[in-house]
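These notes are about the structure you will find just below.
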Amino acid sequence: MTTVFSNVERKNKQRSMAYLLVVLVQSLFLISMIALKQYTLTTGTPIVLEITPIDPRSLFSGDYVRLNYQISNLSLDDIPGDKNFKMGDTVYVTLQAFPSPLVTSNNTDNSIIDYWKPIFISKTFPETNQVVIRGVATQQFSNNQNSNNQTGTGNSTSKTMLSVWYGIEQFYVPENKGQALEQMATKKQLAVKVKVDKFGVAAIAGLVANGQEIYQEKLF
Amino acid sequence: MKESNFLKRLRRELPLWVQNGWVLETRQQDILNYVEKKEQQTQTSSTSIFVIFGALLFATGVISFFAANWDIIPKLVKIFILFAIMWGAYFISYVTSRFASVFLLLGSLLFGANIWLIAQIYHIEVFYPSGVLAWSLGALLVAIALRNSLTLALSISLGVLWTGLYYYTFNFRGIIHWEYLILWLVQIIFVIRLQKPALLNLAILSLIIWSLFSISGIQFNLYFLQLYILLACTLYFIGILGVFIASLLFKKMNQNEAIIKLKTEITQKFARSLQHWGLFLIFSTLYILAIPQLIHDSHFQPVTTYAFYPVLYSVGISITLLVILINVVMLIGIVISKNSEWIHSPNRSSLRAMIYFGLFLYLFLNILILSTLLGATHLQKNSGFFSILFNIIYFAGTLWLIQVGNQIKDSFTVNLGCVFFALGLITRYFDTFWTLLDRSFFFMLGGLLLLSVSFVIEKYRRFFIKKINENRDR
């Protein structure tokens, strides 16, 4: 009888431990999602990236935003570094700040904003003190461009382009806020403030409109 | 508790049955007690269903309320709600015994929902197949820790979704998602430990879906579409036939205390499922291989340029090596089972003959496929000859299947053989006579053929099934 009871107790204890393990592991995973994001936002270097609207009609639809950046499509012919990438390759892009005139709604502001632009592309993390952002290559393609020279005859030049995904192409905005942001994006009045940590991981820290920060990402 | 009409009638009829001597008087009350108990359980199950529906409706209402007010709820409160609901589901599962499994499943589903909701709250954009993988692993943890079939089924289903999204993300471009096999192997270990045949069927189906995705990723050139289908079917046929024969040997080895010691009850439950899947896949791919248009379609381009030839050559070598490997595995299986009692017992001689005939068909098909793959131009020039050969093997194979089913006393196998035989006949009729006959004659003749063939096949099918059932009863 004593053996039976101790077996039952042992099984109950094992069952309790199993439930505890499941709850603990799953909760820790969810907390780690938040913690990793917060680590990037806390320790990362703040940069501002220029948005390139991809489709004005659907850019800000509902409460879900697709963002496309200047650094989303890289010209491998113009930027030094590695040249051959295939889909799924990790890409490290070294960035540098370049002052640009600030576009505002009233066009009277002569301020300058620092947009960060790519200066080097590599498959491995480069040894540099500059800001390096990590992404995943999604497509390498040729972009045919026509140009007219002085004689009037058109020359077609082909540039090798690389599309890169950085994990910051999606942003959730409150309902009914999308349309105003969309109009600013099409007029290039909107930029995204991003923080990049020492591993190259980027996270959206806020939105900048007309040179002013209109949204800031917080933990709570 | 209200009595059902059946119970009321039983109370009326039983005295008459006792009077006629059909039922013993002493057993009358036992019968009534049994039926009453069954009815109580049914009513309890009905109540349980209402409870579950009520809980689901309430949950839906709660979710709708939060969804409508999501934007105005502070982040901290959102996080608290998400965790509280998930923990609540697990807690209810812990304290209740009757609905424990259902709430474990709910907890696993909420874990997945929380991954996406937290990603939304904190603008975390991950490679979304990875989110599905995390969800699948979370469900797998629940299944392993708490030996739960429902969450294991969820994990297997999510695994398929993961690999599907992975292939979709990479546009099926020549990438094989080998990592999926690691997850699948872990899942199959626990399927075997839980000993649920339904889970095994789900796991096998998942593997088949993965292999279909993988095969569609092997793309050479759009002009080689037909060759690529042929190659895909070849891979399938060779692999799955190996599985079928191995499972056949497996089952028989186990029943006769074979050399390799395995847990009897596990292999007996699973071997038959494996056989059935293997048979279905073999004959599905053989059916495709037997389609004449596959080989002599006008869009099929012969290998003429250097750019294509090395690809085909290297693939041909790979297929050759794969065929040799599978043949070696099967030979090993045959050698291992050579000393088993079943293969030498006198009453197994006809089954032995069937197995050897099947192996002959298999080896012959290997040679045929290899020769066609290594010489694509040769294939196109002799397309009629190869079509006929593939069809001979197909129909011989279906007759072989019916005989094997009869020998191993498996009605599923007999039925499958009949279905594929009829399917092959109907398809060949449409292939061949659609352009040769006048439309009206085509349909009249087709109808007559269908009626007569169905009659003959059904007659023989019932004969074999009856024979199987008679032998089983003996």
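Protein chains get the first letters and strands the later ones, always in sequence-line order, with residue 1 at the start of each. Given the structure is predicted, the values throughout are model-derived calculations rather than measurements.
- The contact between A/Y19 and chain B is made by backbone and side chain atoms together, counting heavy-atom distances below 4.5 Å.
- Ranked by heavy-atom pairs under 4.5 Å with chain B, the list A/V23, A/I204, A/L36, A/I31 is led by A/V23.
- When the candidates B/S93, B/A145, B/P74 are compared by the number of heavy-atom contacts under 4.5 Å with chain A, B/S93 comes out ahead.
- Relative ring orientation between B/W162 and B/H177 is described as perpendicular, the plane-to-plane angle rising above 60° on a 0-90° scale split at 30° and 60°.
- Interface remark: B/Y90 contributes backbone and side-chain atoms alike to the contact with chain A (heavy atom separation under 4.5 Å).
- When heavy atoms are compared at a cutoff of 4.5 Å, B/I79 approaches chain A solely by way of its side chain, counted from C-beta outward.
- Of all heavy-atom pairs between B/I115 and B/G131, the closest is CD1-O, 4.0 Å.
- Checking A/F199, A/F125, A/F85 one by one against A/Y92, the ring-ring contact (aromatic ring centres under 6.0 Å, His included) holds for a single residue, A/F125.
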Stepwise side chain to side chain donor-acceptor pair (under 3.5 Å) check, A/Q140 with A/T160 = CA-CA 7 Å; A/Q140 185 166 326; A/T160 307; 5.4 Å; no
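- For A/K37 (side chain) and B/Y122 (main-chain N/O), a donor-acceptor pair under 3.5 Å exists by modelled atom type.
- Without hydrogens or angle criteria, B/S206 side chain to B/L202 main chain gives a donor-acceptor distance under 3.5 Å.
- Looking at B/L104, the atoms closer than 4.5 Å to chain A (heavy atoms on both sides) all sit in the side chain, from C-beta outward.
- For chain B, the nearby part of A/I168 is the backbone; its heavy atoms alone come within less than 4.5 Å.
- For A/L30, the parts lying near chain B are the backbone and the side chain together; criterion is any non-hydrogen pair under 4.5 Å.
- Comparing B/L141, B/I144, B/V77 by heavy-atom pairs within less than 4.5 Å of chain A, the highest count is held by B/L141.
- Between B/M86 and B/G107 the shortest heavy-atom distance is CG-O, 4.0 Å.
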